[in-house]
Amino acid sequence: MKIHEYQGKAILRDYGVAVPDGFPAFSVDEAIKIYDKLDSKVVVVKAQIHAGGRGKGGGVKLAHNRDEVERLANEILGMNLITHQTGPEGKEVQRLLIEQRVDIAREFYAGIVLDRERQQYAFMVSTEGGMEIEKVAAETPERIIKEWIDPSVGLQSYQLRNLVFGLGLQGAQIKNCIKILNALWKVFVEKDCSLIEINPLVVTKDDKVIALDAKINFDDNGLFRQKELAELRDTSEEDPAEVEAGKYNLNYIKLDGNVGCMVNGAGLAMATMDIIKLYGSEPANFLDVGGVANAETVANGFKLILSDPNVKSILINIFGGIVRCDRVAQGVIDAMETVAVKVPVIIRLEGTNAKEAANLLNNSTMEFLVANSFEDAAQKSVKAAQEMK
Amino acid sequence: MSILVNNETRLIVQGFTGQEGSFHGSQMIEYGTKIVAGVTPGKGGQTHLNVPVFNTVAEAKIATDANTSVIFVPPAFAADAIMEAVAAELDLIICITEGIPTKDMVTVNEFLKNKNTRLVGPNCPGVISPGKAKIGIMPGFIHKPGSIGIISRSGTLTYEAVHQISNNGMGQSTSIGIGGDPINGTNFVDALSLFAKDDETDGIVLIGEIGGTAEEDAAQWVIDNNFTKPIVAFIAGRTAPPGRRMGHAGAIIAGGKGTAQDKMAALKAANIRVVENPAELNITMKTLLH
């Protein structure tokens with residue numbers, strides 16, 4: 001789960017991490033009120049979206065007075081911000097963060113993420129603040145200092161010193177930075193995070209260390225025990241169909257193609273997307289219906305897939321183990337009676353009672369194509385989509 | 001021989017009296033797996049599906065000489081259930097549970113170090129040696145005893161592969177679902193090591209997906225250890241967009257790493273036959289074996 005920068009900073013503030021003074025604004029009026037409240041002549045007007053690269057995209061601007069705040073808030077609020085992380089369609093800016101401008105002496109990177117190869121969390125810092133960490137890792141990996149946290153003992157003081165002295169900090173900066181890095185780890189552990197990135201972490205001219213940006217992602221598997229975090233979710237940053245899918249307990253991800261698919265199992269769902277492409281079309285979505293494939297599930301699946309106007313055919317690929325194929329077939333038949341499906345539906349059912357399922361489908365008055373193999377299903381659904389043009 | 005589970009398996013089901021534990025417990029019994037005990041805290045002393053239930057894994061092991069456990073416990077309690085089974089010194093633990101917080105598994109992983117217990121999973125369908133024992137939720141009837149070892153991060157895609165193999169005159173020695181999580185107890189390399197020593201296994205089907213480096217590690221292991229049994233691989237997720245979690249917690253392309261293309265290239269470099277079409281696993285395997 002992702003949250004906005006201002007929400008991340010609020011969490012950091014709670015844990016004693018120095019962040020710039022600032023508040024979120026949902027309207028131009030609010031932005032101006034905040035400017036008046038802040039003890040700073042110069043402020044930064046920052047677009048709040050769940051993507052990076054906002055500065056380069058024109059979503060982060062300096063305002064030197066009240067008029068400029070008004071003008072910039074007007075400009076940025078409601079803009080369609082396109083960054084290298086939003087995709088070409090961009091994201092509409094619905095929230096702003098108005099914060100004091102900080103006097104930056106140096107910029108660093110600090111981040112915590114799971115190192116899957118080591119199977120441990122890694123704390124990374126780098127002198128190359130403000131750059132994409134993947135770029136630094138690719139071009140100048142020696143500029144990244146990494147400490148892996150041993151799960152049996154946790155983050156140790158010597159590791160914090162390795163990180164901070166590795167950045168070349170001096171004097172009061174050292175203590176200030178150690179305090180922040182320690183707090184970041186505390187947040188990471190207590191909130192079940194999957195990623196924390198402070199980019200940049202800045203040192204000011206008077207040796208303060210401040211988190212100028214805050215990106216905090218949470219482990220979806222941990223949310224059940226992080227009830228307060230659920231309130232931070234901004235569904236307007238997510239695809240509406242994907243939000244809808246969550247309500248049905250379905251795993252749906254919208255893609256760009258025109259062959260919709262409904263599958264049980266994430267691996268099989270990905271393989272189905274792949275085979276569609278192999279046969280000449282593009283998948284319109286990923287949809288894992290999980291272990292339950294009854295009429296309600298199938299109907300909801302149809303609704304989700306059909307909410308995408310690009311869809312020209314739908315492939316249902318179910319491998320029934322515990323799930324009985326004839327039950328799924330009946331579910332599909334029933335679902336098609338409640339949802340108007342105006343595109344060709346291709347069904348491939350394999351596993352328990354597959355033959356009974358095929359009979360049910362062939363004898364039904366509903367119109368669909370019954371596939372006799374994985375390949376046949378892909379071919380039929382691609383052909384149907386191409387013919388629908 | 002097969003690997004990990006066989007006729008000597010004496011199984012404890014943790015979470016036995018719950019919905020999942022009960023249903024799959026009865027399916028496993030039907031298949032012929034020797035379930036010797038169930039564990040549900042608070043229900044010790046009861047009998048369920050004709051099997052004695054105990055309060056703790058330790059008690060169950062002492063009473064029944066169990067050597068294996070399968071875990072059907074909800075995510076909030078699953079890591080603890082795994083550690084309980086490890087502490088009881090079982091040989092093998094298979095954790096079916098999906099949704100365990102990553103942080104918990106980092107801890108479990110540490111706990112497993114220097115212990116004699118192997119963990120498979122979590123978030124996996126289990127392990128089956130056809131004709132001998134089935135531990136997990138896979139449909140037994142699609143499997144046939146034979147000489148193909150299957151190692152997969154998936155559930156139903158594994159069944160797809162098994163189905164193809166069984167229908168093409170071949171069978172499986174053991175099919176092992178290693179699961180879809182970023183942190184797991186047994187990876188491709190571990191399974192390959194076991195299959196390398198198994199006389200009953202002549203060929204391997206490896207099913208991977210986007211995210212992490214498990215497939216790349218497997219490719220390197222094959223090169224370093226001169227593994228000569230033919231391997232056929234399929235990597236799901238060529239069409240997956242970056243940065244999105246595709247169902248499985250571990251199926252995510254992060255920071256440009258973990259793409260299907262990179263994995264396929266690494267496997268090909270180790271002389272592993274990579275199929276682009278998931279419908280062709282059986283044909284390719286058959287070709288390689290003969």
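Letters A, B, ... mirror the listed sequences (proteins, then strands); counts begin at 1.
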Heavy-atom proximity to chain A below 4.5 Å, by part of [X]:
X	value
B:Glu98	neither
B:Glu216	neither
B:Asn277	both
B:Arg153	side chain
B:Phe111	neither
B:Ile235	backbone
B:Ala76	both
B:Thr102	both

How long is the straight-line distance from [atom2] of [Y] back to [atom1] of [X], given to the nearest 0.5 Å?
X	Y	atom1	atom2	result
B:Asp217	A:Glu117	CG	CD	5.5 Å
A:Phe286	B:Thr239	CZ	OG1	10.0 Å
B:Asn167	A:Ser373	CG	OG	11.5 Å

Mind checking whether [X] and [Y] have side chains closer than 4.5 Å, heavy atoms only?
X	Y	value
B:Lys257	A:Arg116	no
B:His163	A:Glu350	yes
A:Leu255	B:Pro241	yes
B:Ile100	A:Asn221	no
A:Arg225	B:Asp104	yes

Relative to chain B, which segment of [X] carries a heavy atom at a distance below 4.5 Å: side chain, backbone, both, or neither?
X	value
A:Asp256	neither
A:Ile133	neither
A:Thr352	both
A:Asn251	side chain
A:Glu242	side chain
A:Glu375	both
A:Asp274	both

Considering non-hydrogen atoms only, spot the tightest contact between [X] and [Y] and give its length.
X	Y	answer
A:Phe319	B:Thr156	O-CG2, 4.0 Å
A:Ile253	B:Arg244	CG2-NH1, 3.7 Å
A:Ala266	B:Gly247	CB-CA, 3.9 Å
A:Gly267	B:Glu209	CA-OE1, 4.0 Å
A:Gly351	B:Phe141	C-CZ, 3.7 Å
A:Pro151	B:Glu110	CD-OE1, 3.4 Å

Between [options], which shows the greatest number of heavy-atom pairs under 4.5 Å with chain A?
options	value
B:Gly258, B:Gly211, B:Pro242, B:Ala251	B:Gly211
B:Pro139, B:Ala260, B:Pro182	B:Pro182
B:Arg238, B:Arg245, B:His24	B:Arg245
B:Met138, B:Lys113, B:Glu276, B:Met246	B:Met246
B:Gly99, B:Gly255, B:Pro75	B:Gly99

Around atom [atom1] of [X], are there more than 12 heavy atoms of other residues, nucleotides or ligands at under 6.0 Å?
X	atom1	result
B:Gln19	CD	no
B:Lys268	NZ	yes
A:Lys383	NZ	no
A:Lys135	NZ	no
B:Arg273	CZ	no
B:Phe77	CZ	no

Pick from A:Leu223, A:Asp220, A:Asp288 with the largest number of heavy-atom pairs that fall under 4.5 Å of chain B: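 If we count pairs closer than 4.5 Å to chain B, A:Asp220 comes out on top.
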Residue selection (most heavy-atom pairs with chain B, distance under 4.5 Å) from A:Asn264, A:Val263, A:Thr272, A:Ile318: A:Asn264
Qualifying residue for side-chain contact (heavy atoms from CB on, under 4.5 Å) with B:Lys103, from A:Leu114, A:Val189, A:Asp219: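 Only one option passes, and that is A:Val189.
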